[in-house]
Amino acid sequence: MSHRVLVEAGPAAGVAVLKFRNPPVNALSLEMLMELVISLEKLENDKAVRGIVITAENPGIFLAGLDLTEMCGRNPAHYAKYWEAVQELWLRLYQSSKVLVAAINGACPAGGCLASLTCDYRVMADNPKYTIGLNETQLGIIAPFWFKDTLVNTVGHRAAEQALQLGTLFPPAKALQVGIVDQVVPEEQLQSAALSVMAQWLAIPDHARQLTKTMMRKPTVDQLVKQREADIQSFVGLISQDSIQRALQTYLQKLRQKKG
Ligand SMILES: CCCCCC/C=C/CC(=O)SCCNC(=O)CCNC(=O)[C@H](O)C(C)(C)COP(=O)(O)OP(=O)(O)OC[C@H]1O[C@@H](n2cnc3c(N)ncnc32)[C@H](O)[C@@H]1OP(=O)(O)O
């Protein structure tokens with residue numbers, strides 16, 4: 001039974017809707033990652049499902065990214081387990097044979113942006129409070145190579161380099177201009193727009209679309225698969241450094257003090 005992920009049958013045949021519901025901000029905790037992987041595996045094995053719309057149950061925050069509390073003050077074994085789960089989610093999403101459409105109905109920083117970038121198409125609600133991007137450098141950390149490659153595959157090298165170095169969080173219109181999202185629509189039309197684009201993608205024969213997707217994504221997937229363990233060790237080494245721990249603690253404190 002999943003608490004943090006809700007899967008519903010969509011209004012159209014062959015379409016499921018996967019909703020994030022991990023209050024307060026839909027951060028990707030270890031439990032949330034594991035529930036997502038299980039839900040995605042079930043959907044992947046369900047032949048009746050051809051497409052999945054991915055969204056947040058409550059508008060406002062799509063996904064707040066990785067859970068910072070999983071990366072602060074823990075031991076190396078925990079960091080390793082957490083990072084393996086992050087890798088697993090990315091591999092499931094990026095290699096999914098289904099059509100994935102992200103209906104971005106809230107803030108979408110870092111790991112949230114990465115999850116949306118694994119989808120085949122991104123529709124974002126036109127709300128200036130919502131931003132999207134890989135903002136890792138703003139936290140004093142570095143996006144791993146497979147985060148970077150997923151962005152490069154979406155927006156090209158120059159735009160990705162600039163966005164990554166600056167850790168830019170783009171509001172909807174700018175995200176559309178850069179190509180991080182494919183469509184921006186009024187907030188109340190988000191779900192219908194996602195279903196409409198899903199129908200267009202499902203009009204293509206599955207086998208041809210799936211083989212094309214694999215052809216396009218395989219080199220990026222292979223890069224991580226062949227050095228998965230080394231990538232875990234590299235993460236554990238970096239995240240355990242005092243300077244990185246201090247940077248993350250400072251960032252978390254700033255988030256907490258924002259309210260006070
Ligand atoms: C070094 C080696 C390489 C490492 C590579 C690691 C890659 C990391 C990628 C990531 O995903 S890092 C995480 C990046 N995420 C963010 O920067 C988002 C931070 N959060 C926000 O900007 C805001 O919280 C929000 C999502 C825009 C929502 O704002 P809102 O005003 O609605 O809520 P808050 O009051 O800010 O937050 C409520 C509550 O939640 C806590 N929180 C927020 N984000 C996270 C998070 N990502 N992880 C854990 N906890 C989070 C926040 O601290 C508040 O907690 P409190 O105890 O209630 O004060």
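Throughout, numbering of the chain's residues begins at 1 and tracks the sequence. Whatever order the structure lists them in is the order used to number ligands and atoms, beginning at 1.
Listed by atom number, the atoms of ligand 1 under 4.0 Å from Gly65 heavy atoms are 11 (O). In summary, the atoms of ligand 1 found under 4.0 Å from a heavy atom of Phe235, numbered by their order in the structure, are 4 (C). Here is the list of ligand 1 atoms found below 4.0 Å of a heavy atom in Ile61: 28 (C), 32 (O). Those atoms of ligand 1 with a heavy atom of Ala110 less than 4.0 angstrom away are 9 (C), 10 (C), 11 (O), 14 (C). Within ligand 1, the atoms closer than 4.0 Å to a non-hydrogen atom of Arg256 are 53 (O), 57 (O), 59 (O), numbered from 1 in the order shown. Each of the following atoms of ligand 1 lies closer than 4.0 Å to a heavy atom of Leu139: 12 (S), 14 (C), 17 (O).
Considering backbone and side-chain atoms alike, Glu136 places every N or O at 3.5 Å or more from each N or O of ligand 1. Between Asn135 and ligand 1, at least one N/O pair is under 3.5 Å apart. The shortest N or O to N or O distance between Leu252 and ligand 1 is not below 3.5 Å.
Contacts between Leu28 and ligand 1, counted as non-hydrogen atom pairs separated by less than 4.0 Å, are absent for every part of the residue. The backbone and the side chain of Ala64 each have at least one atom closer than 4.0 Å to an atom of ligand 1 (non-hydrogen atoms only). Only the side chain of Val25 comes within 4.0 Å of ligand 1, judged by heavy-atom distances. When heavy-atom distances to ligand 1 are checked against a 4.0 Å cut-off, Gln138 has no atom that comes that close, whether in backbone or side chain. Here Leu68 has heavy atoms under 4.0 Å from ligand 1 in both its backbone and its side chain. Heavy atoms of Asp67 found under 4.0 angstrom from ligand 1 belong to the backbone as well as the side chain.
When the heavy atoms of Ile142, Ile141, Leu238 are ranked by distance to atom 3 (C) of ligand 1, first place goes to Ile142.
The closest donor-acceptor contact from the side chain of Arg4 to the backbone of Asn26 lies at 3.5 Å or more, if one exists at all. In terms of modelled atom types and a separation under 3.5 Å, the side chain of Glu88 and the main chain of Glu84 share no donor-acceptor contact.
More than 12 heavy atoms of other residues, nucleotides or ligands shown are found within 6.0 angstrom of NE2 on His78. The number of heavy-atom neighbours closer than 6.0 Å to NZ of Lys213, taken from other residues, nucleotides and ligands shown, is above 12.
Using modelled atom types and a 3.5 Å distance limit, the side chains of Ser240 and Gln245 yield no donor-acceptor pair.
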* Let me see the working for Arg228 and Gln87 under side chain to side chain donor-acceptor pair (under 3.5 Å), right down to the final yes or no. => CA-CA 8 Å; Arg228 220 174 145 176; Gln87 291 177 337; 2.8 Å; yes

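Put simply, CZ on Phe20 and CG on Leu28 are 7.0 Å apart, with the number rounded to the nearest 0.5 Å. Here Leu134 contributes atom CG and Leu166 contributes atom CG; the two are 12.5 Å apart, rounded to the nearest 0.5 Å.
Applying the ring-ring contact (aromatic ring centres under 6.0 Å, His included) test to Tyr130 and every residue at least two apart in sequence or in another chain returns nothing.
For Trp90 and Trp83, the distance between ring centers is not under 6.0 angstrom.
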